[in-house]
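Reviewing the structure listed below.
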Amino acid sequence: MEIFTMLFVFTSLLFSIPSISTTKDIITPSVSIRDGETLVSSGGSFKLGFFRPPNSSNRYLGIWYNEISPQTVVWVANRENPLTHLSAGALNITDQGALLLLSDINRNSIVWSSNTSRKFIRKPVAQLLESGNLVVKDGNELVWQSFDYPTDNLLPGMKLGWNSKTGLNKVLSSWKDADDPAPGEFSFSIDYSRYPQLVVKKGPRAQYRLGSWNGLGFTGSPELRSGNELFKFDFVSNDSEVSYKFELLKDALHSRLLLNLSGSLQRFMWVDKSQSRNIIYSAPVDRCDTYNLCGAYAFSLCKLGTDPQCSFLQGFVPKSPRDWNSKNMSLGCVPKTPLGCSTGYRFQSFTRAKLPDTSSSWIDTYANLDISEGGSGCLLWFGDLIDIKEFDSGGQDLFVRTALLDDIKTSKPSGVKKKVAIIASVGLLVMGVIILGLVFYKRKKKLKKHKVEIN
Ligand SMILES: *[C@@H]1O[C@H](CO)[C@@H](O)[C@H](O)[C@H]1NC(C)=O
Ligand SMILES: *[C@@H]1O[C@H](CO)[C@@H](O)[C@H](O)[C@H]1NC(C)=O
Ligand SMILES: *[C@@H]1O[C@H](CO)[C@@H](O)[C@H](O)[C@H]1NC(C)=O
Ligand SMILES: *[C@@H]1O[C@H](CO)[C@@H](O)[C@H](O)[C@H]1NC(C)=O
Ligand SMILES: *[C@@H]1O[C@H](CO)[C@@H](O)[C@H](O)[C@H]1NC(C)=O
Ligand SMILES: *[C@@H]1O[C@H](CO)[C@@H](O)[C@H](O)[C@H]1NC(C)=O
(Lines give C-alpha, C1' and ligand atoms only; values in the text may rest on other atoms or scores of the structure.)
(Ligands and ions follow the chains in the order given, each with its own letter.)
Protein backbone atom coordinates (compact mmCIF):
# COMPACT_ATOMS: atom_id res chain seq x y z
CA MET A 1 0.00 0.00 0.00
CA GLU A 2 2.76 2.41 0.98
CA ILE A 3 4.78 1.57 -2.11
CA PHE A 4 1.72 2.19 -4.21
CA THR A 5 1.26 5.64 -2.65
CA MET A 6 4.91 6.46 -3.11
CA LEU A 7 4.78 5.41 -6.72
CA PHE A 8 1.75 7.53 -7.19
CA VAL A 9 3.45 10.58 -5.68
CA PHE A 10 6.54 9.87 -7.73
CA THR A 11 4.71 9.58 -11.02
CA SER A 12 2.66 12.68 -10.37
CA LEU A 13 5.86 14.54 -9.60
CA LEU A 14 7.32 13.32 -12.85
CA PHE A 15 4.30 14.55 -14.70
CA SER A 16 4.24 17.90 -13.01
CA ILE A 17 7.92 18.71 -13.55
CA PRO A 18 7.64 19.44 -17.25
CA SER A 19 4.74 21.80 -16.72
CA ILE A 20 6.76 23.78 -14.18
CA SER A 21 9.92 23.98 -16.20
CA THR A 22 8.44 24.81 -19.58
CA THR A 23 8.39 28.54 -20.04
CA LYS A 24 5.04 30.12 -20.63
CA ASP A 25 4.15 32.99 -22.89
CA ILE A 26 0.53 33.61 -21.91
CA ILE A 27 -1.52 34.83 -18.99
CA THR A 28 -5.25 34.28 -18.59
CA PRO A 29 -7.83 35.50 -16.08
CA SER A 30 -6.97 32.51 -13.90
CA VAL A 31 -3.18 32.60 -14.28
CA SER A 32 -1.28 35.76 -13.42
CA ILE A 33 2.43 36.42 -13.02
CA ARG A 34 4.10 37.81 -9.93
CA ASP A 35 7.32 39.70 -9.44
CA GLY A 36 10.03 37.10 -10.00
CA GLU A 37 8.07 35.20 -12.63
CA THR A 38 8.40 35.91 -16.33
CA LEU A 39 6.84 35.19 -19.69
CA VAL A 40 9.18 34.12 -22.49
CA SER A 41 8.15 34.39 -26.13
CA SER A 42 7.80 31.10 -28.02
CA GLY A 43 11.11 31.34 -29.86
CA GLY A 44 12.96 32.58 -26.79
CA SER A 45 13.74 36.08 -28.08
CA PHE A 46 11.93 38.25 -25.55
CA LYS A 47 11.09 38.13 -21.88
CA LEU A 48 8.41 40.00 -19.95
CA GLY A 49 8.71 40.52 -16.24
CA PHE A 50 9.62 42.86 -13.45
CA PHE A 51 12.94 44.68 -13.46
CA ARG A 52 14.73 47.46 -11.68
CA PRO A 53 16.97 50.00 -13.44
CA PRO A 54 20.64 49.65 -12.36
CA ASN A 55 20.75 52.40 -9.73
CA SER A 56 17.14 52.51 -8.72
CA SER A 57 15.17 50.66 -6.11
CA ASN A 58 11.93 51.09 -8.05
CA ARG A 59 10.47 48.19 -9.96
CA TYR A 60 8.82 48.21 -13.36
CA LEU A 61 6.99 45.80 -15.62
CA GLY A 62 8.87 45.58 -18.90
CA ILE A 63 9.99 43.58 -21.91
CA TRP A 64 13.67 42.89 -22.62
CA TYR A 65 15.78 40.64 -24.84
CA ASN A 66 15.87 37.22 -23.28
CA GLU A 67 19.33 36.18 -24.33
CA ILE A 68 21.20 39.42 -24.43
CA SER A 69 23.20 40.89 -21.63
CA PRO A 70 23.42 43.39 -20.15
CA GLN A 71 19.66 43.50 -19.79
CA THR A 72 18.25 45.70 -22.56
CA VAL A 73 14.72 46.85 -21.82
CA VAL A 74 12.71 47.74 -24.91
CA TRP A 75 9.30 48.45 -23.40
CA VAL A 76 8.03 49.61 -20.01
CA ALA A 77 4.41 49.45 -18.88
CA ASN A 78 4.31 51.60 -15.75
CA ARG A 79 6.78 54.26 -16.87
CA GLU A 80 5.40 56.88 -14.54
CA ASN A 81 4.11 54.73 -11.70
CA PRO A 82 6.91 52.61 -10.34
CA LEU A 83 6.40 49.89 -7.80
CA THR A 84 8.41 50.30 -4.66
CA HIS A 85 10.89 47.61 -3.77
CA LEU A 86 8.62 46.53 -0.95
CA SER A 87 5.60 45.69 -3.06
CA ALA A 88 4.91 42.25 -4.42
CA GLY A 89 3.80 43.24 -7.89
CA ALA A 90 1.63 41.07 -10.12
CA LEU A 91 0.20 41.21 -13.62
CA ASN A 92 -3.38 40.02 -14.05
CA ILE A 93 -5.81 40.04 -16.92
CA THR A 94 -9.47 40.69 -16.20
CA ASP A 95 -12.41 38.87 -17.76
CA GLN A 96 -12.95 42.04 -19.84
CA GLY A 97 -9.47 41.77 -21.32
CA ALA A 98 -7.75 44.58 -19.41
CA LEU A 99 -4.24 44.01 -18.13
CA LEU A 100 -3.83 45.11 -14.53
CA LEU A 101 -0.53 45.75 -12.85
CA LEU A 102 -1.13 45.36 -9.14
CA SER A 103 1.26 46.54 -6.49
CA ASP A 104 0.02 43.80 -4.26
CA ILE A 105 -1.73 40.75 -5.61
CA ASN A 106 -3.98 40.47 -2.59
CA ARG A 107 -4.93 44.06 -2.09
CA ASN A 108 -6.16 44.95 -5.52
CA SER A 109 -4.15 48.18 -5.82
CA ILE A 110 -3.86 49.04 -9.52
CA VAL A 111 -0.64 50.78 -10.53
CA TRP A 112 -1.15 50.59 -14.29
CA SER A 113 -3.76 49.18 -16.62
CA SER A 114 -3.94 48.57 -20.35
CA ASN A 115 -7.09 50.66 -20.57
CA THR A 116 -9.09 48.14 -22.51
CA SER A 117 -12.47 46.95 -21.49
CA ARG A 118 -14.85 45.52 -23.97
CA LYS A 119 -18.32 44.43 -23.12
CA PHE A 120 -18.42 41.36 -25.27
CA ILE A 121 -15.33 39.40 -24.65
CA ARG A 122 -15.25 35.65 -24.29
CA LYS A 123 -11.81 34.32 -23.50
CA PRO A 124 -9.15 37.01 -23.20
CA VAL A 125 -5.54 35.84 -23.32
CA ALA A 126 -2.40 37.96 -23.03
CA GLN A 127 0.58 36.62 -24.95
CA LEU A 128 4.16 37.76 -25.41
CA LEU A 129 4.91 37.29 -29.10
CA GLU A 130 8.28 36.46 -30.62
CA SER A 131 8.37 39.99 -32.08
CA GLY A 132 8.47 41.47 -28.57
CA ASN A 133 4.84 42.55 -28.80
CA LEU A 134 2.61 41.90 -25.79
CA VAL A 135 -0.88 41.34 -27.16
CA VAL A 136 -4.30 40.75 -25.66
CA LYS A 137 -6.47 38.61 -27.87
CA ASP A 138 -9.99 37.31 -27.75
CA GLY A 139 -9.92 34.34 -30.06
CA ASN A 140 -8.40 35.78 -33.20
CA GLU A 141 -9.37 39.34 -32.44
CA LEU A 142 -6.65 41.70 -31.30
CA VAL A 143 -7.87 43.67 -28.30
CA TRP A 144 -4.72 45.51 -27.21
CA GLN A 145 -0.99 45.49 -28.04
CA SER A 146 2.10 46.99 -26.44
CA PHE A 147 3.33 47.99 -29.94
CA ASP A 148 0.62 50.67 -29.84
CA TYR A 149 2.28 52.24 -26.80
CA PRO A 150 5.98 52.53 -27.64
CA THR A 151 8.58 53.51 -25.08
CA ASP A 152 11.99 54.53 -26.45
CA ASN A 153 12.64 51.65 -28.84
CA LEU A 154 11.27 50.88 -32.28
CA LEU A 155 11.40 47.13 -32.94
CA PRO A 156 11.01 45.39 -36.30
CA GLY A 157 7.36 45.40 -37.35
CA MET A 158 6.42 48.12 -34.90
CA LYS A 159 4.79 51.20 -36.41
CA LEU A 160 5.55 54.79 -35.64
CA GLY A 161 2.78 57.23 -36.55
CA TRP A 162 -0.93 57.69 -36.73
CA ASN A 163 -3.80 55.33 -37.34
CA SER A 164 -7.43 56.39 -37.70
CA LYS A 165 -8.81 53.10 -36.41
CA THR A 166 -7.15 53.33 -33.01
CA GLY A 167 -6.91 57.12 -33.06
CA LEU A 168 -3.40 56.75 -31.69
CA ASN A 169 -0.29 58.60 -32.78
CA LYS A 170 2.62 56.38 -31.88
CA VAL A 171 5.66 58.31 -30.76
CA LEU A 172 8.95 57.24 -29.20
CA SER A 173 9.91 59.13 -26.08
CA SER A 174 13.27 58.93 -24.38
CA TRP A 175 13.72 57.83 -20.78
CA LYS A 176 14.07 60.66 -18.27
CA ASP A 177 17.43 59.35 -17.15
CA ALA A 178 19.28 56.05 -16.96
CA ASP A 179 17.37 55.10 -13.82
CA ASP A 180 13.97 56.50 -14.68
CA PRO A 181 11.93 55.22 -17.64
CA ALA A 182 9.34 58.02 -17.26
CA PRO A 183 8.98 60.00 -20.53
CA GLY A 184 11.89 62.41 -20.95
CA GLU A 185 12.20 65.55 -23.01
CA PHE A 186 12.86 63.98 -26.39
CA SER A 187 10.37 62.50 -28.80
CA PHE A 188 10.63 60.89 -32.22
CA SER A 189 7.49 61.12 -34.33
CA ILE A 190 5.98 61.62 -37.73
CA ASP A 191 4.89 65.20 -38.17
CA TYR A 192 1.87 64.74 -40.45
CA SER A 193 0.32 68.18 -40.11
CA ARG A 194 1.55 68.98 -43.64
CA TYR A 195 3.51 66.75 -45.97
CA PRO A 196 4.68 63.99 -43.55
CA GLN A 197 8.23 63.99 -42.28
CA LEU A 198 10.15 62.34 -39.46
CA VAL A 199 11.28 64.66 -36.72
CA VAL A 200 12.98 64.50 -33.33
CA LYS A 201 11.79 67.13 -30.89
CA LYS A 202 12.83 68.40 -27.50
CA GLY A 203 9.56 69.31 -25.85
CA PRO A 204 7.63 71.16 -28.58
CA ARG A 205 10.74 72.29 -30.49
CA ALA A 206 12.19 70.46 -33.48
CA GLN A 207 15.77 69.30 -32.95
CA TYR A 208 16.43 67.67 -36.30
CA ARG A 209 14.52 66.27 -39.25
CA LEU A 210 15.02 63.00 -41.03
CA GLY A 211 12.82 64.37 -43.77
CA SER A 212 10.04 62.99 -45.95
CA TRP A 213 9.61 59.65 -47.62
CA ASN A 214 10.21 59.42 -51.37
CA GLY A 215 9.57 55.73 -51.84
CA LEU A 216 13.13 54.68 -51.21
CA GLY A 217 14.12 56.47 -48.07
CA PHE A 218 13.92 59.63 -46.06
CA THR A 219 15.21 62.65 -47.91
CA GLY A 220 16.98 64.11 -44.92
CA SER A 221 18.79 60.94 -44.05
CA PRO A 222 20.51 59.16 -46.93
CA GLU A 223 21.36 56.28 -44.59
CA LEU A 224 17.76 55.34 -43.86
CA ARG A 225 17.13 53.68 -47.20
CA SER A 226 15.53 50.57 -48.44
CA GLY A 227 17.45 48.60 -50.97
CA ASN A 228 20.10 47.08 -48.79
CA GLU A 229 20.03 43.40 -48.00
CA LEU A 230 19.37 43.75 -44.27
CA PHE A 231 16.38 46.03 -43.89
CA LYS A 232 13.08 46.78 -45.50
CA PHE A 233 11.56 50.16 -44.71
CA ASP A 234 7.89 50.78 -45.11
CA PHE A 235 6.08 54.09 -45.17
CA VAL A 236 2.32 54.54 -45.50
CA SER A 237 0.56 57.86 -45.94
CA ASN A 238 -3.12 57.89 -46.74
CA ASP A 239 -6.42 58.95 -45.19
CA SER A 240 -6.46 56.20 -42.61
CA GLU A 241 -2.81 55.89 -41.71
CA VAL A 242 0.53 57.69 -41.66
CA SER A 243 3.19 55.30 -40.48
CA TYR A 244 6.77 54.16 -40.69
CA LYS A 245 8.20 50.78 -39.80
CA PHE A 246 11.16 48.59 -40.62
CA GLU A 247 11.53 44.85 -41.03
CA LEU A 248 14.61 42.66 -40.94
CA LEU A 249 15.27 40.52 -43.96
CA LYS A 250 17.27 37.86 -42.18
CA ASP A 251 15.97 35.77 -39.30
CA ALA A 252 19.19 35.59 -37.33
CA LEU A 253 19.44 39.34 -37.00
CA HIS A 254 18.19 41.57 -34.24
CA SER A 255 17.85 45.28 -34.56
CA ARG A 256 16.25 48.15 -32.76
CA LEU A 257 16.10 51.88 -33.19
CA LEU A 258 16.61 53.71 -29.90
CA LEU A 259 15.83 57.32 -29.03
CA ASN A 260 18.52 57.72 -26.40
CA LEU A 261 18.79 59.92 -23.34
CA SER A 262 20.50 62.75 -25.19
CA GLY A 263 17.93 62.79 -27.99
CA SER A 264 19.97 60.93 -30.60
CA LEU A 265 18.65 58.06 -32.64
CA GLN A 266 20.83 54.97 -32.59
CA ARG A 267 20.26 51.84 -34.62
CA PHE A 268 21.66 48.73 -33.01
CA MET A 269 22.20 45.54 -34.90
CA TRP A 270 23.55 42.18 -33.88
CA VAL A 271 23.45 38.51 -34.72
CA ASP A 272 21.70 35.90 -32.55
CA LYS A 273 22.99 35.70 -29.02
CA SER A 274 26.14 37.53 -29.98
CA GLN A 275 26.87 39.97 -27.23
CA SER A 276 28.56 42.48 -29.43
CA ARG A 277 26.08 45.14 -30.32
CA ASN A 278 26.89 47.32 -33.24
CA ILE A 279 25.62 50.81 -33.69
CA ILE A 280 25.24 50.98 -37.44
CA TYR A 281 23.53 54.33 -37.68
CA SER A 282 22.98 57.36 -35.54
CA ALA A 283 21.35 60.73 -36.03
CA PRO A 284 21.91 63.65 -36.03
CA VAL A 285 24.87 63.04 -38.27
CA ASP A 286 26.52 66.43 -37.90
CA ARG A 287 25.95 69.98 -36.72
CA CYS A 288 24.19 70.90 -39.95
CA ASP A 289 21.37 68.56 -38.97
CA THR A 290 20.51 70.92 -36.12
CA TYR A 291 17.09 72.21 -37.01
CA ASN A 292 17.03 75.60 -38.68
CA LEU A 293 20.65 76.37 -37.84
CA CYS A 294 20.81 78.88 -40.67
CA GLY A 295 17.87 81.04 -39.82
CA ALA A 296 14.16 81.40 -39.66
CA TYR A 297 13.51 82.95 -43.04
CA ALA A 298 16.25 80.92 -44.49
CA PHE A 299 16.93 80.68 -48.11
CA SER A 300 20.23 79.65 -46.67
CA LEU A 301 22.13 76.45 -46.66
CA CYS A 302 24.18 74.68 -44.05
CA LYS A 303 27.37 73.07 -45.22
CA LEU A 304 30.01 71.44 -43.10
CA GLY A 305 33.62 72.43 -43.40
CA THR A 306 32.90 75.95 -44.53
CA ASP A 307 33.31 79.05 -42.49
CA PRO A 308 30.73 80.36 -41.96
CA GLN A 309 28.72 77.11 -42.00
CA CYS A 310 25.70 78.92 -43.34
CA SER A 311 25.83 80.18 -46.86
CA PHE A 312 23.03 81.61 -48.92
CA LEU A 313 21.53 80.31 -52.07
CA GLN A 314 22.63 82.14 -55.19
CA GLY A 315 20.27 85.01 -55.88
CA PHE A 316 19.64 85.53 -52.20
CA VAL A 317 21.24 87.83 -49.68
CA PRO A 318 21.27 87.85 -45.89
CA LYS A 319 18.25 89.69 -44.57
CA SER A 320 20.47 91.48 -42.13
CA PRO A 321 24.06 91.55 -43.45
CA ARG A 322 25.35 93.03 -40.21
CA ASP A 323 23.92 90.23 -38.09
CA TRP A 324 24.99 87.65 -40.65
CA ASN A 325 28.57 88.87 -40.68
CA SER A 326 28.70 88.68 -36.93
CA LYS A 327 27.54 85.06 -37.23
CA ASN A 328 23.97 85.67 -36.18
CA MET A 329 22.10 83.79 -38.89
CA SER A 330 18.72 83.84 -37.18
CA LEU A 331 17.11 86.08 -39.77
CA GLY A 332 18.25 84.00 -42.72
CA CYS A 333 18.15 85.27 -46.28
CA VAL A 334 15.81 86.95 -48.71
CA PRO A 335 15.73 87.07 -52.51
CA LYS A 336 18.12 89.68 -53.92
CA THR A 337 15.60 90.72 -56.54
CA PRO A 338 11.95 90.33 -55.66
CA LEU A 339 10.33 88.10 -58.22
CA GLY A 340 7.17 89.60 -59.61
CA CYS A 341 4.81 87.89 -61.98
CA SER A 342 6.17 89.83 -64.91
CA THR A 343 9.83 89.34 -64.03
CA GLY A 344 11.81 86.81 -65.96
CA TYR A 345 13.08 83.86 -64.03
CA ARG A 346 15.44 80.99 -64.22
CA PHE A 347 16.12 77.85 -62.24
CA GLN A 348 19.10 77.43 -60.05
CA SER A 349 20.32 74.06 -59.02
CA PHE A 350 21.67 73.02 -55.69
CA THR A 351 23.09 69.57 -55.60
CA ARG A 352 23.17 67.11 -52.69
CA ALA A 353 20.51 68.98 -50.77
CA LYS A 354 18.47 67.95 -47.76
CA LEU A 355 15.01 69.08 -48.81
CA PRO A 356 13.48 72.00 -46.91
CA ASP A 357 11.18 71.62 -43.93
CA THR A 358 7.68 70.65 -44.99
CA SER A 359 6.00 71.95 -41.85
CA SER A 360 6.81 75.61 -42.31
CA SER A 361 5.72 75.89 -45.91
CA TRP A 362 2.49 75.21 -47.64
CA ILE A 363 3.05 72.00 -49.52
CA ASP A 364 1.10 70.63 -52.42
CA THR A 365 1.67 67.50 -54.38
CA TYR A 366 0.53 66.12 -57.63
CA ALA A 367 1.31 62.95 -59.48
CA ASN A 368 2.99 60.15 -57.62
CA LEU A 369 5.79 61.21 -55.34
CA ASP A 370 6.91 57.67 -54.81
CA ILE A 371 9.95 57.29 -57.04
CA SER A 372 10.81 53.75 -56.03
CA GLU A 373 9.44 52.34 -59.25
CA GLY A 374 10.63 55.11 -61.47
CA GLY A 375 7.62 57.33 -60.91
CA SER A 376 7.80 61.06 -60.96
CA GLY A 377 5.75 63.74 -59.36
CA CYS A 378 5.63 67.21 -57.99
CA LEU A 379 6.04 68.69 -54.58
CA LEU A 380 5.11 72.34 -54.28
CA TRP A 381 6.34 74.60 -51.55
CA PHE A 382 4.64 77.91 -50.93
CA GLY A 383 6.55 79.78 -48.30
CA ASP A 384 10.00 79.84 -46.81
CA LEU A 385 12.65 77.27 -47.48
CA ILE A 386 13.89 76.29 -44.06
CA ASP A 387 16.51 73.84 -42.84
CA ILE A 388 18.39 73.05 -46.03
CA LYS A 389 21.63 71.19 -45.66
CA GLU A 390 24.24 70.16 -48.19
CA PHE A 391 25.31 66.52 -47.94
CA ASP A 392 28.79 65.34 -48.82
CA SER A 393 27.20 62.69 -50.97
CA GLY A 394 23.68 61.49 -51.69
CA GLY A 395 20.88 63.94 -51.12
CA GLN A 396 18.83 65.45 -53.88
CA ASP A 397 19.15 68.20 -56.42
CA LEU A 398 17.05 71.19 -55.50
CA PHE A 399 16.04 73.69 -58.17
CA VAL A 400 14.82 77.06 -57.01
CA ARG A 401 13.23 79.62 -59.25
CA THR A 402 14.77 83.03 -58.91
CA ALA A 403 14.64 86.32 -60.78
CA LEU A 404 16.44 86.42 -64.09
CA LEU A 405 19.67 88.17 -63.42
CA ASP A 406 22.63 88.46 -65.70
CA ASP A 407 25.13 87.82 -62.99
CA ILE A 408 23.77 84.41 -62.15
CA LYS A 409 25.19 81.49 -63.97
CA THR A 410 22.80 78.62 -64.02
CA SER A 411 24.32 75.26 -63.74
CA LYS A 412 22.98 72.28 -65.56
CA PRO A 413 21.92 69.45 -63.35
CA SER A 414 24.76 67.02 -63.42
CA GLY A 415 24.51 63.31 -63.01
CA VAL A 416 20.74 63.24 -63.08
CA LYS A 417 19.88 59.82 -64.29
CA LYS A 418 16.24 59.88 -63.41
CA LYS A 419 13.63 62.12 -64.83
CA VAL A 420 12.30 64.97 -62.81
CA ALA A 421 11.02 63.42 -59.65
CA ILE A 422 9.61 66.29 -57.79
CA ILE A 423 8.92 69.82 -58.76
CA ALA A 424 8.90 72.22 -55.94
CA SER A 425 7.27 75.55 -56.26
CA VAL A 426 7.96 78.13 -53.67
CA GLY A 427 5.90 81.20 -53.41
CA LEU A 428 7.09 83.74 -50.96
CA LEU A 429 3.61 85.06 -50.36
CA VAL A 430 4.70 87.56 -47.77
CA MET A 431 6.67 89.38 -50.41
CA GLY A 432 4.15 88.84 -53.13
CA VAL A 433 6.47 86.90 -55.34
CA ILE A 434 6.52 83.36 -56.56
CA ILE A 435 9.60 81.29 -56.79
CA LEU A 436 9.38 77.98 -58.51
CA GLY A 437 11.83 75.29 -57.78
CA LEU A 438 12.46 71.89 -59.15
CA VAL A 439 13.76 69.06 -57.16
CA PHE A 440 15.48 66.26 -58.92
CA TYR A 441 16.07 63.00 -57.30
CA LYS A 442 19.52 61.83 -57.99
CA ARG A 443 19.59 58.12 -57.82
CA LYS A 444 22.96 57.10 -56.69
CA LYS A 445 23.76 53.78 -55.26
CA LYS A 446 25.09 55.37 -52.14
CA LEU A 447 23.34 52.90 -49.92
CA LYS A 448 25.70 50.14 -50.74
CA LYS A 449 28.49 52.34 -49.51
CA HIS A 450 27.01 52.24 -46.07
CA LYS A 451 28.47 48.92 -45.14
CA VAL A 452 27.26 47.14 -42.11
CA GLU A 453 29.78 45.25 -40.12
CA ILE A 454 28.64 42.46 -37.94
CA ASN A 455 30.99 40.55 -35.73
C1 LIG B 1 -4.96 38.34 -9.83
O2 LIG B 1 -4.69 36.96 -10.07
C3 LIG B 1 -4.53 36.18 -8.89
C4 LIG B 1 -4.14 34.78 -9.27
O5 LIG B 1 -4.71 34.40 -10.47
C6 LIG B 1 -5.82 36.24 -8.08
O7 LIG B 1 -5.64 35.52 -6.88
C8 LIG B 1 -6.16 37.68 -7.76
O9 LIG B 1 -7.41 37.78 -7.14
C10 LIG B 1 -6.23 38.51 -9.04
N11 LIG B 1 -6.42 39.89 -8.68
C12 LIG B 1 -7.29 40.67 -9.32
C13 LIG B 1 -7.39 42.08 -8.83
O14 LIG B 1 -7.93 40.27 -10.29
C1 LIG C 1 25.14 53.89 -11.00
O2 LIG C 1 25.86 54.58 -9.98
C3 LIG C 1 27.26 54.46 -10.09
C4 LIG C 1 27.89 55.13 -8.90
O5 LIG C 1 27.29 56.37 -8.63
C6 LIG C 1 27.73 55.08 -11.42
O7 LIG C 1 29.12 54.92 -11.57
C8 LIG C 1 27.02 54.39 -12.56
O9 LIG C 1 27.35 55.02 -13.78
C10 LIG C 1 25.51 54.44 -12.36
N11 LIG C 1 24.85 53.67 -13.42
C12 LIG C 1 23.84 54.15 -14.10
C13 LIG C 1 23.30 53.27 -15.15
O14 LIG C 1 23.37 55.27 -13.89
C1 LIG D 1 -8.43 55.17 -21.89
O2 LIG D 1 -9.13 55.16 -23.12
C3 LIG D 1 -10.10 56.18 -23.23
C4 LIG D 1 -10.87 55.96 -24.51
O5 LIG D 1 -10.09 55.37 -25.51
C6 LIG D 1 -9.41 57.52 -23.18
O7 LIG D 1 -10.34 58.57 -23.26
C8 LIG D 1 -8.64 57.64 -21.86
O9 LIG D 1 -7.90 58.86 -21.83
C10 LIG D 1 -7.68 56.48 -21.71
N11 LIG D 1 -7.05 56.53 -20.40
C12 LIG D 1 -5.74 56.36 -20.23
C13 LIG D 1 -5.28 56.40 -18.81
O14 LIG D 1 -4.98 56.15 -21.14
C1 LIG E 1 -3.85 53.00 -46.25
O2 LIG E 1 -2.75 52.12 -46.45
C3 LIG E 1 -2.86 50.89 -45.73
C4 LIG E 1 -1.58 50.12 -45.91
O5 LIG E 1 -1.17 50.08 -47.23
C6 LIG E 1 -4.07 50.13 -46.24
O7 LIG E 1 -4.22 48.92 -45.52
C8 LIG E 1 -5.31 50.99 -46.07
O9 LIG E 1 -6.43 50.33 -46.63
C10 LIG E 1 -5.13 52.33 -46.75
N11 LIG E 1 -6.27 53.18 -46.45
C12 LIG E 1 -6.83 54.00 -47.36
C13 LIG E 1 -7.98 54.83 -46.90
O14 LIG E 1 -6.42 54.05 -48.50
C1 LIG F 1 23.22 58.97 -27.75
O2 LIG F 1 23.69 58.70 -29.05
C3 LIG F 1 24.76 59.55 -29.49
C4 LIG F 1 25.05 59.20 -30.93
O5 LIG F 1 25.38 57.85 -31.09
C6 LIG F 1 25.94 59.36 -28.56
O7 LIG F 1 26.98 60.23 -28.96
C8 LIG F 1 25.52 59.67 -27.14
O9 LIG F 1 26.59 59.43 -26.25
C10 LIG F 1 24.34 58.81 -26.74
N11 LIG F 1 23.88 59.23 -25.44
C12 LIG F 1 23.77 58.38 -24.43
C13 LIG F 1 23.29 58.95 -23.14
O14 LIG F 1 24.06 57.18 -24.54
C1 LIG G 1 20.35 87.85 -33.68
O2 LIG G 1 19.61 88.81 -34.38
C3 LIG G 1 18.24 88.91 -34.03
C4 LIG G 1 17.56 89.89 -34.98
O5 LIG G 1 18.32 91.02 -35.16
C6 LIG G 1 18.14 89.33 -32.56
O7 LIG G 1 16.79 89.40 -32.17
C8 LIG G 1 18.87 88.31 -31.72
O9 LIG G 1 18.88 88.73 -30.36
C10 LIG G 1 20.31 88.13 -32.20
N11 LIG G 1 20.91 87.03 -31.48
C12 LIG G 1 22.11 87.13 -30.91
C13 LIG G 1 22.63 85.91 -30.23
O14 LIG G 1 22.78 88.16 -30.94
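Throughout, numbering of the chain's residues begins at 1 and tracks the sequence. One-based numbering, in listed order, for ligands and for the atoms of each. For the numbers below, each heavy atom of this structure counts, side chains included, while hydrogens, waters and symmetry mates do not. Since the structure is predicted, the reported quantities are computational estimates derived from the model, not experimental observations.
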**Prompt:** With side chains defined as the heavy atoms from C-beta onward, is the minimum distance between Q127 and K137 less than 4.5 Å?
**Reply:** yes
Quick test: of every protein heavy atom, which one is nearest to [atom], and how far off is it to 0.1 Å?
{"atom": "atom 5 (O) of ligand 6", "result": "D323 OD2, 2.9 Å"}
{"atom": "atom 11 (N) of ligand 4", "result": "S240 OG, 2.8 Å"}
{"atom": "atom 1 (C) of ligand 5", "result": "N260 ND2, 1.4 Å"}
{"atom": "atom 14 (O) of ligand 4", "result": "N238 ND2, 3.3 Å"}
{"atom": "atom 7 (O) of ligand 4", "result": "E241 OE1, 5.0 Å"}
{"atom": "atom 8 (C) of ligand 6", "result": "N328 ND2, 3.7 Å"}

**Request:** State the CD-NZ distance between E185 and K202, to the nearest 0.5 angstrom.
**Result:** 4.5 Å
**Reported OG-to-CG distance for the pair S189 and L198, which is rounded to 0.5 angstrom** =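 CG of L198 is found 8.0 Å from OG of S189.
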**Message:** For a quick test of reading the model, state the closest non-hydrogen atom pair linking N78 to P82 and the distance between them.
**Reply:**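 Looks like ND2-CA, 3.7 Å.
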**Request:** Kindly identify the option in A283, S264, S262 whose heavy atom sits closest to atom 3 (C) of ligand 5.
**Result:** S264
**Request:** Please confirm whether F233 and F235 have ring centers closer than 6.0 angstrom.
**Result:**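 No, the ring of F233 stays outside the 6.0 Å limit from the ring of F235, centre to centre.
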**Message:** Using a 4.0 Å cutoff against the non-hydrogen atoms of Q266, which atoms of ligand 5 qualify?
**Reply:** 1 (C), 2 (O), 3 (C), 4 (C), 5 (O)
**Item:** Identified side-chain contact (heavy atoms from CB on, under 4.5 Å) partner of L99 from the options V136, L61, V143
**Value:** V136
